[in-house]
2 protein chains.
Amino acid sequence: MIKRAVTIKDLAKKLGVSKSTISRALRDHPNVKEATRVAVQKLAKELNYQPDRLALGLVGHKTYSLGLVVPRIDFPYFSHAVSGAQEIASRAGYQIIICQSNESLETEKAVINTLLANRVDGLMISISIETEEYDHITDLQERGIPFVLFDRVIDCIKAPKVVMDNVDAAFRLVSHLIEQGYRRIAHIAGPRGLLVSEQRIKGYEQALRKYGLEYNPAWVIHSGFRVESGEQTTKQLLELNNRPDAIMAVSDSAAMGAVLAIEDAGLRVPDDIAVAGFNNENFTRFVKPGLTTVSLPMYELGQQAVKMLLRQIEHPDGFKVPHPLTLKSHLIERGSTTRR
Amino acid sequence: MIKRAVTIKDLAKKLGVSKSTISRALRDHPNVKEATRVAVQKLAKELNYQPDRLALGLVGHKTYSLGLVVPRIDFPYFSHAVSGAQEIASRAGYQIIICQSNESLETEKAVINTLLANRVDGLMISISIETEEYDHITDLQERGIPFVLFDRVIDCIKAPKVVMDNVDAAFRLVSHLIEQGYRRIAHIAGPRGLLVSEQRIKGYEQALRKYGLEYNPAWVIHSGFRVESGEQTTKQLLELNNRPDAIMAVSDSAAMGAVLAIEDAGLRVPDDIAVAGFNNENFTRFVKPGLTTVSLPMYELGQQAVKMLLRQIEHPDGFKVPHPLTLKSHLIERGSTTRR
DNA sequence: TTTTGAATTGGGAACGGTTGCATAAAAAAC
DNA sequence: GTTTTTTATGCAACCGTTCCCAATTCAAAA
C-alpha cells in the first residue's frame, strides 16, 4: 500500500556498495573516496532519502525531540509559550511533542510516560491544577532525565525553572491602584494550591503593607481564571457591607467577569470600582473602559524554557541546576483603573 | 548519566527466560504458561517497564503518532482545532506531533518531511497562505501516505477534507445584514488566494444576488485577519464617495479594527455602519456594542479531522476518498448589526 | 515404556540505521 | 619489486522490539 520510504539499503543496492559506506558517505566521514561520496549524496538527493528518525534514535540514544506538557494548548496563555518553544526548538534542530494534561494529575502522569516511551531527549512541564504531589517529577530527577519546569512550577523542589515575576507583577499592579487613590482593594485570586495564586496574593500583601493598608481576608477570595468565576466572586464582594473600591483579578477573563457584574449591579468602572487583570489578552484594549492589565511575555517564556533544557541536554556533564529564571512582566495602565 | 530505562532484556535476565517469552507474556499471547505470564507482568509493573516506542515503530511499521501541520498554534482559531484533534487522538491511543508552518511554504514542506522521517502514521494539514503549488501534497498521495486536509484546504485536489461551511456562513451573515435593513454592504476579505477568502466572498455574492442587490467590486477589498488590516481597510472604505453602511470582515479581529476606524472617524456602530466578523472570539461579547459574528466549531473540526484520518489508517484497504465533510457554523447576532 | 501431539520456550532474523574492526586496494617508501 | 603505510570498503554487532520456526518439555495416549 504505502510506497516504502527509501532506505540506506536501497541506496546501497543501487550503487553496489555496502550500507556502511552509504552511511559514512552521507555523514561526510573522512574515510570515503571523494567520488563515492559525491555519487551517494547525488543519488540520495534524487531519491529524496531521509534518514529514519526512529532507527536513528534507537541506535544513537538521541531523538532530537522534546516533550512539552501544558494544561491546555487552547488557552492563549499557554499557546504563546508553546509557540515560542517551537521556534527555538526547531531552530536548534529539535522537534517538540506537545501534550495536554487537561488539568488532571492522572493525565499528566500518563503523558509524561508516553513522552518517555518515545524517548524524548528532555521534558518541559507546566503542571496541572490538580498536581499536589510530585513523585512523578522527582522520579525524573532520580532517573537523570533532563527537564525544565515552566510557568506553573513547583516551589519546593529544586529543579531548573522558568517563571514569571508574579509576586512583583501583583505588587506593581496593586501599587498602581493605591497610587490612583483606591484604598479598599479586593483580589479575585486563582485556584487554591496553585503557586501563581499564592505569589500574586503575596505581591498584593506586600503592596498593601508598603502603603500601610490593612490586609482584609474577606477581600481575598480564591476563585478561577474564567469569566464566570470573576462574575460570581464579584457578586459576593458587592454584597459585603464594607464594599471594596477596586478589584485585582487573577486573569483578564476574571476581571472581565468583574466588570460585567459591576455594571450589572448598576455601578461604574472605574468611578465606583476599579478593575484590573493579568495577561494582556486581546480584548482588554477593545473594551470600554480599556482594562488595566499586566503583559506577561509567555512567548519568551517558552523560548527560555527550551534554551534552558537544551543547555542541560547538550552539556549534561557538570550541569548544575540554575537559579529559577524570572521573566519581567509589564504593567499596562488603561481606563479601568484611572480615576477621572 | 541517564539511568537507562528498563528493557525487555532486563526482564528476561531477571526471570531467566528468553526475551521472546517476555514479549509474548506482555502482549497476552496465548502460547505462554499462565504462571510465566503472571510473573512477567508482575515484574514489568514493579520495574515500571514501558515498551520503547521507537523500537516498536521500527519493527511494527506503525508508530501510533499523527503529524499535524497548522500555520500557527497561537492563533486561537487553530489552537482549538489542535486541542480537539488531541482529544480524539489520545483517546484512540495515538499521539500528535504538532508543527507550525508559520505561513511559509518552505517551512510547510520542511515540517512535512520531518514528520515523515518520524514515521507518523498519517498527516493532518492546514495549508499556509503561501501555499499555491501543491506538489508536496500530491506527492503524499502518490506515496500512499494517509493524510487529511482541514480548514485551509486545496480546492482542486481530490483528498479527504474537513472544512467549514464558509460559503453558507457568509451567505447567512450577509442575509442577516440585509434583513436588518443594510443595503450597501462591504467586505473586508481575507488574503488573496486563500480558499477561505474566496468562499466567503462567494457567500457574500450569493446573498446579494438573492436579495437583488448589485455587487460592487470597490466594496470588496482583500486584506488580512488582523486588527490592523481591518482598521486600514476600513479607512479606505470610509473615503469612498459611495460609503458602505455595513461591513462584513473576514475575522473578528479585522471587524474590531473596522469598529475602531469607524469610531475614530466620528461615526457610530451600528447606526452609521454595521460591523460583523467571523470566529466568535471571546472579545466579541465583551465590547459594546457586542459584535455580531459567526461561531465556527473549530474544536469539532479538529476532532473530525482525526477521525477521518484514523479511518484511513486503520482500514487502508478499500478506503475511498470521502466527500469533504462540511461543518455547520452558527450565526451569533449582537448589537453591532442591529438597527436600533 | 514408547509414541505423539500439544503446550511452551528459545534462537535468530528483521526493522534502519551507526560504528569498531578486519580486510582489500591503492599509494608511498624502501 | 617487495614491504609498509595509507585509504577505502565490507562485515558484523548493536539499539529494543516482534515474530517465525525450531526445539524442548510434558502429559496423555498407545
Side-chain angles (χ1 to χ4, degrees), chain A residues 1-41 43-44 47-65 113-114 116-121, chain B residues 1-41 43-44 47-65 113-114 116-121:
Chain A
M1 194 76 27
I2 292 189
K3 217 180 281 178
R4 299 270 320 101
V6 31
T7 76
I8 233 173
K9 243 192 198 158
D10 302 327
L11 300 184
K13 202 177 298 173
K14 219 153 231 167
L15 287 178
V17 295
S18 76
K19 56 195 183 115
S20 349
T21 304
I22 302 285
S23 170
R24 278 186 283 250
L26 289 172
R27 358 197 78 244
D28 290 322
H29 190 282
N31 285 3
V32 271
K33 198 164 40 174
E34 176 72 12
T36 329
R37 213 195 59 220
V38 173
V40 169
Q41 294 190 352
L43 185 65
L47 300 185
N48 188 30
Y49 167 79
Q50 291 261 150
D52 184 317
R53 296 190 69 150
L54 295 191
L56 238 38
L58 197 54
V59 61
H61 294 294
K62 192 145 171 39
T63 56
Y64 290 94
S65 59
N113 273 333
T114 315
L116 292 178
N118 276 280
R119 296 257 211 110
V120 292
D121 295 338
Chain B
M1 195 76 27
I2 291 189
K3 216 180 281 178
R4 300 272 318 102
V6 31
T7 76
I8 235 173
K9 242 191 197 161
D10 302 327
L11 300 183
K13 201 178 298 175
K14 222 156 227 163
L15 287 178
V17 295
S18 75
K19 56 199 179 102
S20 339
T21 304
I22 303 285
S23 170
R24 278 185 286 249
L26 288 172
R27 2 197 77 245
D28 290 322
H29 190 284
N31 285 2
V32 271
K33 198 164 43 174
E34 176 71 13
T36 329
R37 211 194 61 220
V38 173
V40 170
Q41 295 190 350
L43 185 65
L47 300 185
N48 189 29
Y49 166 78
Q50 289 261 150
D52 185 317
R53 297 191 68 152
L54 295 190
L56 278 179
L58 194 55
V59 62
H61 294 292
K62 192 144 170 43
T63 56
Y64 290 94
S65 60
N113 273 334
T114 314
L116 292 177
N118 275 280
R119 297 259 212 107
V120 292
D121 295 338

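The structure presented is a predicted model; accordingly, all values stated were derived computationally and were not measured. In what follows, chains are A, B, ... by sequence order, proteins preceding strands, each numbered from 1.
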Closest nucleotide among D/dG10, D/dC15, C/dT8 to the A/Arg119 side chain: D/dC15
Separation of atom CG in B/Leu47 from atom P in D/dG16, rounded to whole Å: 15 Å
Set of residues satisfying side chain to side chain donor-acceptor pair (under 3.5 Å) with respect to B/Gln41, sequence neighbours excluded: B/Asp28
A/Leu43: side-chain contact (heavy atoms from CB on, under 4.5 Å) partners, not counting sequence neighbours: A/Leu11, A/Lys14, A/Leu15, A/Glu46, A/Leu47
Taking only distance into account, with no hydrogens and no angle test, what donor-acceptor pairs under 3.5 Å do side-chain atoms of residues 33-40 of chain B form with protein atoms, sequence neighbours excluded?
{"from": "B/Glu34", "atom 1": "OE1", "to": "B/Arg37", "atom 2": "NH1", "distance (Å)": "3.4"}
{"from": "B/Thr36", "atom 1": "OG1", "to": "B/Lys33", "atom 2": "O", "distance (Å)": "3.4"}

Out of D/dA8, C/dG16, C/dT9, whichever nucleotide has its closest atom nearest the side chain of A/Thr36: D/dA8
Interatomic distance where NE2 belongs to B/His61 and P belongs to D/dT18 [whole Å]: 14 Å
For A/Arg53, all residues meeting side-chain contact (heavy atoms from CB on, under 4.5 Å), sequence neighbours excluded: A/Tyr64, A/Gln95, B/Thr114, B/Ala117, B/Asn118
Working for side chain to side chain contact (heavy atoms under 4.5 Å, CB included), residues B/Ser23 and B/Arg27: CA-CA 6 Å; B/Ser23 170; B/Arg27 2 197 77 245; 4.2 Å; yes
More than 12 heavy atoms of other groups within 6.0 Å of B/Lys62 NZ: yes
Pairwise 5' ranking along DNA chain C for A/Leu54 and B/Gly16, keeping only the more 5' one: B/Gly16
Footprint string (nucleotides 17-26 of chain C, 5' to 3'): B base within contact, S backbone only, - free, heavy atoms under 4.0 Å: BBBB------
Sugar-phosphate, base or nothing in reach of B/Arg53, heavy atoms under 4.0 Å: nothing
Contacts of type side-chain contact (heavy atoms from CB on, under 4.5 Å), residue B/Thr63, not counting sequence neighbours: A/Leu54, B/Ser65, B/Arg119, B/Asp121
Whole angstrom value for the distance that separates P of C/dG16 from CG of B/Leu58: 7 Å
Rounded distance in Å - CG (B/Leu116) to P (C/dG16): 15 Å
Partners passing ring pair (Phe, Tyr, Trp, His ring centres under 6.0 Å) against A/Tyr49 (at least two apart in sequence or in another chain): none
Over all atoms of both residues, closest heavy-atom pair of A/Ala5 and A/Asp10: O-OD2, 4.0 Å
Nearest-Å distance for atom pair CG/C1', residues B/Asn118 and C/dG16: 14 Å
Atom-pair distance (OH on B/Tyr64; P on D/dT18), nearest Å: 12 Å
Length of the NZ-C1' vector between A/Lys13 and C/dG16, whole Å: 13 Å
A/Asn31 CG to D/dT6 P, straight-line distance once rounded to whole Å: 12 Å
Angle by which the axis turns from one end of the helix from C/dT1-D/dA30 to C/dC30-D/dG1 to the other, five pairs per end, to 10 degrees: 70°
Sugar-phosphate only, base, or nothing, as touched by A/Arg37 at under 4.0 Å among non-hydrogen atoms: nothing
